[in-house]
S.K.: 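Pasting a structure here, questions to come.
Since the structure is predicted, the reported quantities are computational estimates derived from the model, not experimental observations.
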Amino acid sequence: MAMALTLGGGDAERKVKVAEVALRALLCGLGALAAALVATDTQTRTFFSLQKKASYTDMKAMVFLVAATAAAAGYSLLQLAARCCVALLPSSSGSPGGGMVPGRALAWCVFSCDQALAYVLLAAVAAALQASVVAKRGQPEMQWMGICALYGAFCRQAGAGVASAVAAGLAAALIAFLSAFNLFRLYGGTKS
């Protein structure tokens, strides 16, 4: 497939562009969904006339997850807008849809940002998963009890947000792979 792309395989190049746009749209939607689910997650319980409110801000890993998924959604939205603008530019033959071929400097910038986004998002997901396991099961060795028995609705909504963030992290990893492919194909093969 790489050989077809470097030798002018327009159909294969088009499939890679469509896959990239679809993954960026998926990352944007899943990132926004995860951020919204976790950021709006609260539940209040009454214990002996005292009210205790559980919020995502009680766990710093969840705050990091909200920031990372919101940043991922925003970055993906900007990249989608950039891809749409490039697609509307006229090609060398004058017809729209060809767009300009990105230079190496721009490809390096996109590659670096995609890599950084993937690493930060996967780190946030890992931290949130660890915090979720502690919230669900507790830590008996430290005499910490699980809170999901007390705040069931809170844990279910947080779980849905973390699941969405896991899917967003996988999409970010695939985008990082595609941006690496797009960058390094600029260096490979002989141009005819």
S.K.: With a 3.5 Å distance limit and no angle check, can you tell me whether Thr69 reaches the backbone of Val66 through a side-chain donor-acceptor pair?
M.R.: yes
S.K.: Hey, could you give me the CG/CD distance between Leu37 and Gln157, rounded to the nearest 0.5 Å?
M.R.: 5.5 Å
S.K.: Assigning hydrophobic clusters by single linkage (Ile, Leu, Val, Met, Phe, Trp, Tyr; side-chain heavy-atom cutoff under 4.5 Å), is Leu33 placed with Leu122?
M.R.: no
S.K.: Keeping the roles fixed (side chain from Gln43, backbone from Ala54), state whether a donor-acceptor pair exists under 3.5 Å.
M.R.: no
S.K.: Please report the shortest heavy-atom distance between Tyr75 and Leu117, naming the atom on each side.
M.R.: CD2-CD2, 3.6 Å
S.K.: Atom CZ in Arg104, atom OH in Tyr187: separation rounded to 0.5 Å?
M.R.: 5.0 Å
S.K.: Looking at Ala171 and Leu26, what are the two nearest heavy atoms and their distance?
M.R.: CB-CD2, 4.3 Å
S.K.: Rounded to the nearest 0.5 Å, what separation is found between the CG atom of Leu78 and the SG atom of Cys28?
M.R.: 9.0 Å
S.K.: Does a donor on one side chain and an acceptor on the other come within less than 3.5 Å for Ser179 and Glu20?
M.R.: no
S.K.: Do the two ring centres, one from Phe111 and one from Phe184, sit under 6.0 Å apart?
M.R.: yes
S.K.: Would you sort out whether Met62 and Val162 count as a side chain to side chain contact (heavy atoms under 4.5 Å, CB included), showing the intermediate values?
M.R.: CA-CA 9 Å; Met62 293 300 194; Val162 170; 3.8 Å; yes
S.K.: What's the separation between atom OG in Ser76 and atom CZ in Arg83, rounded to the nearest 0.5 Å?
M.R.: 10.5 Å
S.K.: What heavy-atom pair brings Ala118 and Ala172 nearest, and what distance separates the two atoms?
M.R.: CB-O, 3.8 Å
S.K.: Between Asn182 and Val110, is there a side-chain heavy-atom distance shorter than 4.5 Å?
M.R.: no
S.K.: Leu183 and Ala107: which non-hydrogen atoms are nearest, and at how many Å?
M.R.: CD1-CB, 3.6 Å
S.K.: Can you find a heavy atom in the side chain of Val38 that is under 4.5 Å from one in the side chain of Val63?
M.R.: no
S.K.: Kindly give the heavy-atom pair with the smallest separation between Ser164 and Ala34, and that separation in Å.
M.R.: OG-N, 3.6 Å
S.K.: I'd like to check Leu150 versus Phe154 (side-chain heavy atoms, cut-off strictly below 4.5 Å). Are they in contact?
M.R.: no
S.K.: Just wondering, do Val166 and Leu129 contact through their side chains at under 4.5 Å, heavy atoms?
M.R.: yes
S.K.: Using the rule that two of Ile, Leu, Val, Met, Phe, Trp, Tyr join whenever any of their side-chain heavy atoms come within less than 4.5 Å, decide whether Val16 and Val21 are in one cluster.
M.R.: no
S.K.: Consider only side-chain heavy atoms of I, L, V, M, F, W and Y, link residues closer than 4.5 Å, and tell whether Leu121 and Leu23 are in one cluster.
M.R.: yes
S.K.: Might you point out which heavy atoms bring Leu27 and Ala168 nearest each other, and give the distance in Å?
M.R.: CD1-O, 3.2 Å
S.K.: One thing to verify: whether Asp114 and Arg24 come together as a salt bridge, which I'm taking to mean a side-chain N less than 4.0 angstrom from a carboxylate O.
M.R.: yes
